[in-house]
A.B. asks: 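Pasting in a structure now, in structure tokens, and then I'll have a few things to ask.
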Amino acid sequence: MKFDVLTLFPDMFECLNQSIIGRAKEKELIDINLINIRDFSNNKHKKVDDTPYGGGSGMVMMPDVVYRAYESVKTKDAKVIYMTPQGKKLDQKKVEDLAKQNHLIILCGHYEGIDQRVLDKIVDEEVSIGDYVLTGGELAAAVMADAIVRIIPGVISDEQSALSDSFQDNLLAAPVYTRPADYKGWKVPDILLSGHEAKIKEWELQQSLERTRKLRPDLLGE
Ligand code: ADE
């Protein structure tokens, strides 16, 4: 899967070179290409924004610069996503839908936003990561890319399976424990030490259900 990220701050995506996502890149399971929108400014000072028509505070990213950046990566089957608090809220279902795409172009705005004309022409979908406002779309794009990449086949081993994680089947994940079995008298539940696989699975499902009912009853439609 290919990601082209259009941004004024490519360094903000350094986090995607770490850990599981970093390894997925090394294994070439994904390709994340960072495009600096500033490189597409024709201005000798590399200007990318201007004051808003009609007045008001802040600066607006200019349509021509953003459009040229888009043209440099566009393909026929690419889906263009604009990160914005006014978009549809990201959830695991949306992540699964997006993971089916071959090519995502993720557009990150900064300052007051991007000239609406270019958004109207190129954006297929607007996505928000939650009801709060960030300084730009970069952190939101990194969150979304992380969530998508981790469910791409081969990125997480079957054993660790992304399938046992929270939100699979609309349930939160069961609690997890590791050695030592007794730390300061705080004991790991006996069932997990029993070696009885079927009973352990049953216990985990029970825990998931209890946790979901307690913490996120909305996921169960309650
Ligand atoms: N840009 C600024 N805030 C955002 C949010 N909550 N989600 C996506 N993009 C954003």
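In each ligand, atom 1 is the first atom listed, and ligand 1 is the first ligand listed. Quick note: numbers below take in every heavy atom, side chains included, and nothing from hydrogens, waters or symmetry partners.
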A.B. asks: For K47, I'd like to know if atom NZ has over 12 heavy atoms of other residues, nucleotides or ligands within 6.0 Å.
C.D. replies: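 Check passes, neighbour count above 12.
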
A.B. asks: Could you list each N/O atom of ligand 1 together with any protein N/O atom closer than 3.5 Å, one pair per line with the distance?
C.D. replies:
residue, atom, partner, partner atom, Å
ligand 1, 3 (N), L134, N, 3.0
ligand 1, 6 (N), G130, O, 3.1
ligand 1, 6 (N), Y132, O, 2.8
ligand 1, 7 (N), I129, N, 3.0
ligand 1, 9 (N), T84, N, 3.1

A.B. asks: Quick one: list whatever passes side chain to side chain contact (heavy atoms under 4.5 Å, CB included) with D64, sequence neighbours left out.
C.D. replies: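 So D64 forms a side chain to side chain contact (heavy atoms under 4.5 Å, CB included) with M62, R68.
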
A.B. asks: Looking at residues at least two apart in the chain, or sitting in another chain, which of them share a salt bridge (charged side-chain N to carboxylate O under 4.0 Å, His left out) with K214?
C.D. replies: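 Scan of K214 (salt bridge (charged side-chain N to carboxylate O under 4.0 Å, His left out), adjacent residues dropped) gives none.
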
A.B. asks: Decide yes or no on side chain to side chain contact (heavy atoms under 4.5 Å, CB included) for V60 and Y111, but give the supporting numbers first.
C.D. replies: CA-CA 7 Å; V60 177; Y111 317 121; over 6 Å; no

A.B. asks: Hey, is CG on D218 packed in by over 12 heavy atoms from elsewhere, all under 6.0 Å?
C.D. replies: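 Count over threshold, so yes.
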
A.B. asks: My understanding is that only residues two or more places apart in sequence, or in another chain, count here; which of them pass side chain to side chain contact (heavy atoms under 4.5 Å, CB included) with E202?
C.D. replies: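 None.
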
